[in-house]
Amino acid sequence: RELWRHSTQVSALCQTIASTDRRFDPQQALLAGLVHDIGSVAVVNHLAHRAPQLEPAVAERSVARLRGAIGGAILRKWRFPEELVACATEGEAWLRDSGQDPDYCDVVVVAQLLGYLASVHQLEGLPNLSEVPAFGKLRLGGAGAEEDGSAFLEERRDQISQTELLLAS
């Protein structure tokens, strides 16, 4: 349930980011957000059936270590475009820099960090958005936009909530 909540939140944020930047298709961005963590779902499902007594901390480390490779393999098997495969394999590489132009993985990286910013479950050790190359490539409010993404979240709160509700129904 927590994985689905995270995926719907990231999807809504991805779609919202893409709707403000004409270089992206908002529906493709929504899909990128939905599938970015498919590897986690597969690993959690496997562990639940094969190792139900595994300590939660060990399970979490296993998911963190395997989700990218497993997610990439699943999306390749399903013949997803490489730009979406990258969302699964590199979607939590906060400091990744794929070049001058942003890609869908950059959208996923920023969406996840914005989601953590808006969440009470903010994780320790995450970089500030201003340090993330993907954030600098995306147009989230133009010149003078706040460096932490809070204005973007506030201005688009209704759009994000509506998309989350649609995905949850």
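The first residue in the sequence is number 1, and the count goes up from there. The structure displayed is predicted, hence computed values, not measured ones.
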Worksheet item: Should Asp37 and Val10 be marked as a side chain to side chain contact (heavy atoms under 4.5 Å, CB included) after you check the CA-CA gap, both sets of side-chain angles, and the distance that decides it?
Response: CA-CA 10 Å; Asp37 230 358; Val10 171; over 6 Å; no
Worksheet item: Same cluster or not: are Val110 and Val107 linked, directly or through other Ile, Leu, Val, Met, Phe, Trp or Tyr residues, by side-chain heavy atoms under 4.5 angstrom apart?
Response: yes
Worksheet item: What are the two closest non-hydrogen atoms of Gly71 and Ala88, and how far apart are they?
Response: C-CB, 3.8 Å
Item to complete: Check Arg156, Gln162, Arg157 against Gln159 for a side-chain contact (heavy atoms from CB on, under 4.5 Å) and give me the one that passes.
Response: Arg156
Practice prompt. Using the ring-ring contact (aromatic ring centres under 6.0 Å, His included) rule, collect all pairs that involve residues 22-45, keeping only residues at least two apart or in two chains.
Written response: His6-His36, Phe24-Tyr104
Discussion item. With rounding to the nearest 0.5 angstrom, report the CG to OG1 distance, Leu3 to Thr8.
Written reply: 10.5 Å
Worksheet item: Are Glu131 and Trp94 side-chain neighbours, meaning at least one heavy-atom pair lies under 4.5 Å?
Response: no
Item to complete: Calculate, to the nearest 0.5 Å, the distance between atoms CG and OG1 belonging to Leu114 and Thr16 respectively.
Response: 10.0 Å
Worksheet item: Do any pairs count as a side-chain hydrogen bond (donor to acceptor under 3.5 Å, both in side chains) and have a residue in residues 65-88, sequence neighbours left out, and if so which ones?
Response: Arg67-Glu92, Arg76-Glu82
Response to the item:
Closest heavy-atom pair, Cys87 versus Ala32, reported as atoms and distance to 0.1 Å, is SG-CB, 3.8 Å
Worksheet, complete the sentence: When every non-hydrogen atom of Val63 is compared with those of Val44, the smallest separation belongs to CG2-CG2, 3.7 Å
Practice prompt. Please check if Leu47 and Val58 belong to a single hydrophobic cluster, counting links between Ile, Leu, Val, Met, Phe, Trp and Tyr side chain heavy atoms closer than 4.5 Å.
Written response: yes
Practice prompt. Tell me, with the steps shown, if Gln9 and Leu167 meet side chain to side chain contact (heavy atoms under 4.5 Å, CB included).
Written response: CA-CA 9 Å; Gln9 179 189 45; Leu167 291 170; over 6 Å; no
Practice prompt. Report the C-alpha distance between Leu13 and Thr163 in whole Å, list the side-chain angles of each, state the deciding distance to 0.1 Å, and finish with yes or no for side chain to side chain contact (heavy atoms under 4.5 Å, CB included).
Written response: CA-CA 9 Å; Leu13 286 162; Thr163 303; over 6 Å; no
Worksheet item: Of all heavy-atom pairs between Pro26 and Ala18, which one has the smallest distance, and what is that distance?
Response: CA-CB, 3.6 Å
Fill in: Nearest heavy-atom neighbours spanning Ala86 and Cys105
O-SG, 3.5 Å
Worksheet entry | 4.5 Å side-chain heavy-atom contact, Glu90 and Ser98 | no
Worksheet item: Applying the 4.5 Å side-chain criterion to the ILVMFWY set and letting contacts propagate, would Val108 and Leu30 be lumped into a single cluster?
Response: no
Worksheet entry | Separation of Leu138 CG from Asp103 CG (nearest 0.5 Å) | 9.0 Å
Worksheet entry | Inter- and intrachain pairs under side-chain hydrogen bond (donor to acceptor under 3.5 Å, both in side chains), touching residues 49-64, at least two apart | Asn45-His49
Worksheet entry | Straight-line distance of Asn128 CG to Phe135 CZ, nearest 0.5 Å | 10.5 Å
Worksheet item: Considering all heavy atoms of both residues, which atom of Ala93 and which atom of Val109 are nearest to each other, and what is their separation?
Response: O-CG2, 4.2 Å
Worksheet item: Can you get from Leu66 to Leu54 by hopping between Ile, Leu, Val, Met, Phe, Trp and Tyr side chains that sit under 4.5 Å apart?
Response: yes
Worksheet item: How long is the gap from CD1 on Ile160 to CD on Glu155, to the nearest 0.5 Å?
Response: 10.5 Å
Worksheet item: Going from CD on Glu164 to OG on Ser169, what distance comes out if it is rounded to the nearest 0.5 angstrom?
Response: 12.0 Å
